[in-house]
Amino acid sequence: MTDLPGHGADSELSNEVEGYLLWQARIAEATRRAQAFVRPMEWLTTAQRTEIEQHYIADSLVQARKDLERIAARCLSLRAEYESRYRRLRLRCVGWALAVCACFTTVAALLLIL
């Protein structure tokens, strides 16, 4: 099954690169939001502003990681559920196909006997 499109070393590398780029975009967004958060607080010193920005960024990234982990867990559970449903559907279809074939075979044998 590794010969299927999207299941090779190139796909794994592209997934890692895409993940890296998405995480870097998340960091940039957290940084931008942190700077926007402290901008109206003109009374802060530069050190205080930097510290608040760093805490804001860290909190945003922790929350983003939790969100991604929750989404990944949900994806895995959905995949397992769909695979289970597909397996049952496939068994049902094979059962019906065998029943229909047996029925046609029986009818054909009866017609030959008569």
Side-chain angles (χ1 to χ4, degrees):
M1 288 241 172
T2 56
D3 294 338
L4 294 174
H7 289 281
D10 292 340
S11 177
E12 290 177 24
L13 179 62
S14 66
N15 284 340
E16 287 185 27
V17 169
E18 182 180 12
Y20 174 79
L21 292 175
L22 287 172
W23 189 250
Q24 292 303 310
R26 182 71 67 150
I27 292 171
E29 176 66 17
T31 303
R32 187 190 62 74
R33 291 184 66 207
Q35 291 169 349
F37 178 75
V38 296
R39 190 172 297 123
M41 300 177 198
E42 298 169 357
W43 63 89
L44 294 174
T45 65
T46 304
Q48 291 171 329
R49 183 179 303 267
T50 303
E51 184 177 352
I52 291 174
E53 284 178 4
Q54 292 304 317
H55 283 292
Y56 190 101
I57 292 168
D59 183 61
S60 294
L61 294 178
V62 165
Q63 189 62 43
R65 180 170 293 280
K66 287 179 183 177
D67 291 343
L68 289 174
E69 288 171 353
R70 190 180 69 248
I71 290 168
R74 179 66 179 145
C75 287
L76 290 175
S77 71
L78 283 175
R79 180 180 182 148
E81 182 181 337
Y82 286 137
E83 285 176 350
S84 173
R85 285 185 183 188
Y86 178 72
R87 195 172 17 261
R88 284 193 311 251
L89 178 62
R90 189 174 56 211
L91 287 173
R92 216 174 16 212
C93 288
V94 168
W96 276 105
L98 289 175
V100 168
C101 287
C103 189
F104 281 138
T105 303
T106 304
V107 169
L110 288 174
L111 288 175
L112 287 174
I113 291 173
L114 297 175

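A continuous path of ILVMFWY side-chain contacts below 4.5 Å connects Trp43 to Phe37, so both sit in one hydrophobic cluster.
Under the 4.5 Å side-chain criterion, counting only non-hydrogen atoms from C-beta, Arg92 is in contact with Leu89. Looking at heavy atoms from C-beta onward, Leu61 lies out of side-chain contact with Arg65 at the 4.5 angstrom threshold. Proximity of Gln24 to Tyr20: side-chain heavy atoms (C-beta onward) are separated by under 4.5 Å at one or more points.
In this structure, the separation between OG1 on Thr105 and CG on Leu110 is 11.0 Å, given to the nearest 0.5 Å. Once rounded to the nearest 0.5 Å, the distance linking CD of Glu12 with CG of Asn15 reads 8.0 Å. Taken from CD1 in Ile52 to CD in Gln48, the straight-line distance is 6.5 Å, to the nearest 0.5 Å.
Ser84 contributes no side-chain N or O that, together with a main-chain N or O of Ala80, makes up a donor-acceptor pair within less than 3.5 Å.
Using a cut-off of 4.0 Å between Lys/Arg side-chain N and Asp/Glu carboxylate O, Glu29 and Arg26 are scored as not salt-bridged. A salt bridge links Glu83 to Arg79: at least one charged side-chain nitrogen sits closer than 4.0 Å to a carboxylate oxygen. A salt bridge does not link Arg49 to Glu53: none of the charged nitrogens lies less than 4.0 Å from a carboxylate oxygen.
For Glu42, the CD atom counts as loosely surrounded, since its 6.0 Å shell holds 12 or fewer non-hydrogen atoms of other residues, nucleotides or ligands. The environment of Gln35 atom CD is dense: over 12 non-hydrogen atoms of other residues, nucleotides or ligands sit within 6.0 angstrom. For Tyr56, the OH atom sits in a packed shell: over 12 heavy atoms of surrounding residues, nucleotides or ligands are nearer than 6.0 Å.
Contact between Ala30 and Ile57 at its shortest, heavy atoms only, is O-CG1, 3.8 Å.
A donor atom on one side chain and an acceptor atom on the other are found under 3.5 Å apart for Gln63 and Asp67.
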